Amino acid sequence: MTQPATLELRELAVTDLDRVAEIEAASNASPWSRSLFAGELEMTTAERLWIVGEADNVVVGFAGAMFVGGDVHIMNVAVEPGCRRRGFARVLVAELLRRAIASGGRHATLEVREGNDPAIALYRRFRLGPVGIRPGYYPDGEDALILWAHDIDTVEYAALLKRLGGR
Ligand SMILES: CC(C)(COP(=O)(O)OP(=O)(O)OC[C@H]1O[C@@H](n2cnc3c(N)ncnc32)[C@H](O)[C@@H]1OP(=O)(O)O)[C@@H](O)C(=O)NCCC(=O)NCCS
C-alpha cells in the first residue's frame, strides 16, 4: 500500500459545486447534475455529510453520505481522472467514515456498479463486502452490488481508518 496522499479535507461548500460537477461528469456514466449536489447542501448535518479533498488548493475529489438511523449510506465518491491511484479516495473515504462514526454511524453501506472493479477494490479495503444485488439499479440497466460493513464504531475499525487514511 502506498503512503496516503497529502490532501486537505473539508466540508463541501456552494463554491465547490461547479468543480464537483465537473469531476462527477468525468467519472460516472450516469453523472449527478450540479443541481443534485446543490440539493444535498440544503439537507441538515443530521441527514448528510459531504467532504471534498484539495491538493495544491484545487479540489480533486469528493465523497458524500446519507445517515439513515445508525447506517451510513455512502452516496457518491469520485476522484479527478488525472489524480487517481495516489490514495486520494482512500483518504476521502476514511475521513468520511471517521466523521460519520463521530456523528453516530454504526454500519456502512452503499451500492456500486457490479462491473466497477476499482471502486469494489477500494471499498473492500474498508471491509465493505457484498451482501446482495439490485438488478437493473442503474439507468443503463447495470446491476448494483450492495455492500455492507457492520460495527464500524469500534477501536479496531478506527485503527483501520487510520491505516488507510493516515490521520
Ligand atoms: C473508485 C475511485 C474513487 C478510486 O479513486 P483513487 O483515488 O484512484 O483510489 P486510491 O488511489 O485511493 O486507491 C485506493 C484503493 O482502491 C483500489 N483501486 C483504486 N483504483 C483501482 C484500479 N484502477 N484498479 C484496481 N484497484 C483500484 C485499490 O485497492 C487501492 O488501494 P492501493 O492503492 O493500496 O492498491 C476512482 O477510480 C473514481 O473516481 N472512479 C469513478 C467514480 C466511481 O466509480 N466512484 C465510486 C462509485 S460508488
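Start at 1 and go down the list; that is how both ligands and their atoms are numbered. From a predicted model like this one, the values you see are computed outputs, not experimental measurements. Heads up: numbering here begins at 1 and tracks the sequence.
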Worksheet item: Do ligand 1 and Val77 have nitrogen or oxygen atoms that lie under 3.5 Å from each other?
Response: yes
Which side-chain N or O atoms in residues 126-134 pair as donor and acceptor under 3.5 Å with protein atoms at least two apart or in another chain?
{"residue": "Arg134", "atom": "NE", "partner": "Glu111", "partner atom": "OE2", "Å": "3.0"}
{"residue": "Arg134", "atom": "NH2", "partner": "Glu111", "partner atom": "OE2", "Å": "3.1"}

Discussion item. Less than 4.0 angstrom from a charged side-chain N to a carboxylate O is my criterion; do Asp117 and Arg124 meet it?
Written reply: no
Worksheet item: So is there a nitrogen or oxygen of Asp117 less than 3.5 Å from a nitrogen or oxygen in ligand 1?
Response: no
Practice prompt. Using a strict cut-off of less than 4.0 Å between a Lys/Arg side-chain nitrogen and an Asp/Glu carboxylate oxygen, indicate whether Asp18 and Arg34 qualify as a salt bridge.
Written response: yes
Worksheet item: Numbering the atoms of ligand 1 from 1, which are under 4.0 Å from a heavy atom of Arg86?
Response: 11 (O)
Practice prompt. Check ligand 1 against Arg125 and write out every atom of the ligand that is under 4.0 Å from a heavy-atom position of the residue.
Written response: 29 (O), 30 (C), 31 (O), 32 (P), 34 (O), 35 (O)
Discussion item. I'd like to check which ligand 1 atoms, numbered from 1 as shown, lie under 4.0 Å from a non-hydrogen atom of Ala78.
Written reply: 39 (O)
Worksheet item: Between Leu110 and ligand 1, is there a nitrogen or oxygen pair with a distance under 3.5 Å?
Response: no
Item to complete: Output the list of atoms in ligand 1 that are nearer than 4.0 Å to some heavy atom of Ser27, sorted by atom number.
Response: 41 (C), 42 (C)
Response to the item:
A student comparing Arg124, Arg85, Arg84, Glu24 should find that the heavy atom closest to atom 36 (C) of ligand 1 comes from Arg84
Discussion item. Quick test of your reading of the model: are Arg19 and Glu80 salt-bridged, counting only N-O distances below 4.0 Å?
Written reply: yes
Worksheet item: Does one side chain, of Arg113 or Ser30, offer a donor that lies under 3.5 Å from an acceptor on the other?
Response: yes
Practice prompt. Look at atom 33 (O) of ligand 1 and find which of Glu111, Arg90, Glu80, Met75 reaches it with the closest heavy atom.
Written response: Arg90
Practice prompt. Check ligand 1 against Gly87 and write out every atom of the ligand that is under 4.0 Å from a heavy-atom position of the residue.
Written response: 10 (P), 11 (O), 12 (O)
Worksheet item: With Asp151, which residues qualify under side chain to side chain donor-acceptor pair (under 3.5 Å), at least two apart?
Response: none
Practice prompt. Specify whether Phe62 and Trp50 have parallel, tilted or perpendicular ring planes, treating 30° as the upper limit for parallel and 60° as the lower limit for perpendicular.
Written response: tilted
Fill in: Ala89: numbered ligand 1 atoms lying under 4.0 Å from its heavy atoms
3 (C), 4 (C), 5 (O), 6 (P), 7 (O), 9 (O), 12 (O)
Worksheet item: Of the listed options (Val91, Leu122, Ile74, Leu92), which comes nearest to atom 14 (C) of ligand 1 when hydrogens are ignored and any heavy atom counts?
Response: Leu122
Discussion item. One residue to check: Tyr123. Relative to ligand 1, which of side chain, backbone, both or neither has a non-hydrogen atom less than 4.0 Å away?
Written reply: side chain
Worksheet item: For Glu47 and Thr44, does a side-chain donor sit closer than 3.5 Å to a side-chain acceptor?
Response: yes
Worksheet item: In terms of side-chain heavy atoms, does Thr45 have a donor or acceptor partner in Arg99 at a distance below 3.5 Å?
Response: no
Worksheet item: Which bit of Asn116 is near ligand 1, meaning a heavy atom under 4.0 Å away: side chain, backbone, both or neither?
Response: side chain
